[in-house]
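Each remark here refers to the structure printed beneath this line.
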Protein chains: 2
Amino acid sequence: MLTIVSNKEHDVADSSLTSRLRLATVRLNRRLRAQRSSSSVTLTQLSALFCLYKCGPLTPGELAAKEVVQPPSMTRVIAALEELGYVSRRPHPSDGRQAIVEITEEGSAHILADISAREAWLDKRLAELSDVDRELLSRAAEIIDRMASHQD
Amino acid sequence: MLTIVSNKEHDVADSSLTSRLRLATVRLNRRLRAQRSSSSVTLTQLSALFCLYKCGPLTPGELAAKEVVQPPSMTRVIAALEELGYVSRRPHPSDGRQAIVEITEEGSAHILADISAREAWLDKRLAELSDVDRELLSRAAEIIDRMASHQD
DNA sequence: TATTGTTATACTCTATAACTATA
DNA sequence: TATAGTTATAGAGTATAACAATA
């Protein structure tokens with residue numbers, strides 16, 4: 001087992017954790033993207049739609065911040081979702097520059113089935129694990145999400 | 001907290017684990033890709049190079065299998081690394097169709113610095129965690145990698 | 001002048017299909 | 001005929017820079 005030497009604060013025995021977590025994340029992400037299924041939305045679009053489903057109406061800027069992407073990236077995602085009829089856009093009541101993006105009834109109706117189809121592969125992998133491992137991943141997911149949402 | 005209803009084998013209280021792990025993975029992956037630094041290699045190239053560094057010489061097919069990507073994807077990665085002088089290619093001794101790809105001295109000399117620069121952001125996030133959380137992520141990384149390497 | 005959002009452009013990552021060369 | 005690898009092509013994902021509209 002290779003150990004990368006580094007001069008970081010935390011324990012040296014831990015020093016390849018960064019590499020291992022990076023590799024694991026990149027690989028799982030690949031597998032997740034490869035699960036296309038019959039769902040019409042892409043993985044990125046699904047994430048944004050799910051965010052609107054959870055949080056309610058948001059401005060494009062708020063949505064970009066929550067998903068930790070730059071505004072131009074979110075512009076494209078919203079445009080695609082709008083074309084599919086899964087989100088609607090209306091003027092902001094007090095600021096003409098902004099808009100309010102909201103999930104539509106059709107978007108709400110499809111999202112659970114879309115997510116379920118999209119996640120079928122991962123769900124199967126998780127079902128193969130022990131309860132202990134699933135509990136561990138549950139806590140890991142929270143920590144990872146917190147790190148990923150860190151404001152630099 | 002939203003709970004997605006599903007009819008899967010494992011506990012219903014667990015039912016949003018799939019979604020949470022997917023979201024966490026996608027977001028961390030975005031952050032990792034955004035860390036460009038001065039490193040000349042991309043995240044994908046770095047993964048392949050690291051694999052050659054760990055495993056020794058491999059054929060393109062073996063490398064693609066280890067990284068869980070399709071052969072044409074690996075072809076491009078190898079070509080880019082070869083152009084940078086980080087890997088070399090030589091004929092397979094007994095099979096004219098295959099080739100042996102190996103990390104060069106220059107590749108070996110640069111990889112630790114490249115990885116370190118690339119991972120600086122994640123390393124900082126991990127350093128902010130408690131020992132308990134890092135230990136948890138260490139085990140999670142192993143489980144995730146195992147799931148991601150699953151042969152369908 | 002600062003902020004919000006969009007348009008234009010470009011690069012990374014990855015896949016499938018079709019092809020070539022060798023076994 | 002089967003396998004290893006490459007080329008061609010296309011689509012997803014994302015960013016930076018430049019711009020328009022509004023505050």
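Chain letters run A, B, ... following the sequence lines, proteins first and then strands; every chain starts at 1.
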Looking for any heavy atom pair under 4.0 Å, which part of the strands does A:T44 touch: base, sugar-phosphate only, or nothing? sugar-phosphate

Whole-Å gap separating P (D:dA4) and CD (B:E62): 10 Å

At under 4.0 Å, does any side-chain N or O of B:R33 touch on OP1 or OP2 of D:dT14? no

Quick test of your reading: applying ring-ring contact (aromatic ring centres under 6.0 Å, His included), list the pairs with at least one residue in residues 126-152 of chain A, sequence neighbours left out, ordered by first then second residue. none

Salt-bridge present (B:E128, B:R125; N to O < 4.0 Å): yes

Backbone N or O of B:R33 within a donor-acceptor pair of the B:R118 side chain at under 3.5 Å? yes

Which one of A:I100, A:I103, A:L52, A:V101 satisfies the side chain to side chain contact (heavy atoms under 4.5 Å, CB included) criterion with A:L58? A:L52

What is the first contacted nucleotide of DNA chain C and what is the last, in 5' to 3' order, if contact means an atom lying under 4.0 angstrom from a heavy atom of chain A? C:dT3 to C:dT14

A:R139 backbone acceptor or donor facing A:E142 side chain under 3.5 Å: no

Any Lys/Arg nitrogen of A:E82 or A:R89 sitting under 4.0 Å from an Asp/Glu carboxylate oxygen of the other? yes

Sorted by first residue and then second, give each ring-ring contact (aromatic ring centres under 6.0 Å, His included) pair with at least one member in residues 73-96 of chain A; sequence neighbours left out. A:Y86-A:H110

Please table the atom pairs, donor to acceptor, closer than 3.5 Å between any side-chain atom in residues 60-68 of chain B and protein atoms at least two apart or in another chain.
residue, atom, partner, partner atom, Å
B:E62, OE1, B:T59, N, 2.9
B:E67, OE1, A:R30, NH1, 3.4
B:E67, OE2, A:R27, NH2, 3.0

For every nucleotide of nucleotides 15-23 of chain D, 5' to 3': is a protein heavy atom under 4.0 Å from its base (B), only from its sugar-phosphate (S), or from neither (-)? BBB---BBS

Exercise: identify the closest heavy-atom pair between A:A48 and A:L81: CB-CD1, 4.3 Å

For DNA chain C, which residues in residues 77-93 of chain A have a heavy atom at a distance below 4.0 Å? A:R89

Distance-only polar pair, side chains of A:D123 and B:T18, donor-acceptor under 3.5 Å: yes

In whole angstroms, the gap separating P of D:dA12 from CZ of A:R118 amounts to 10 Å

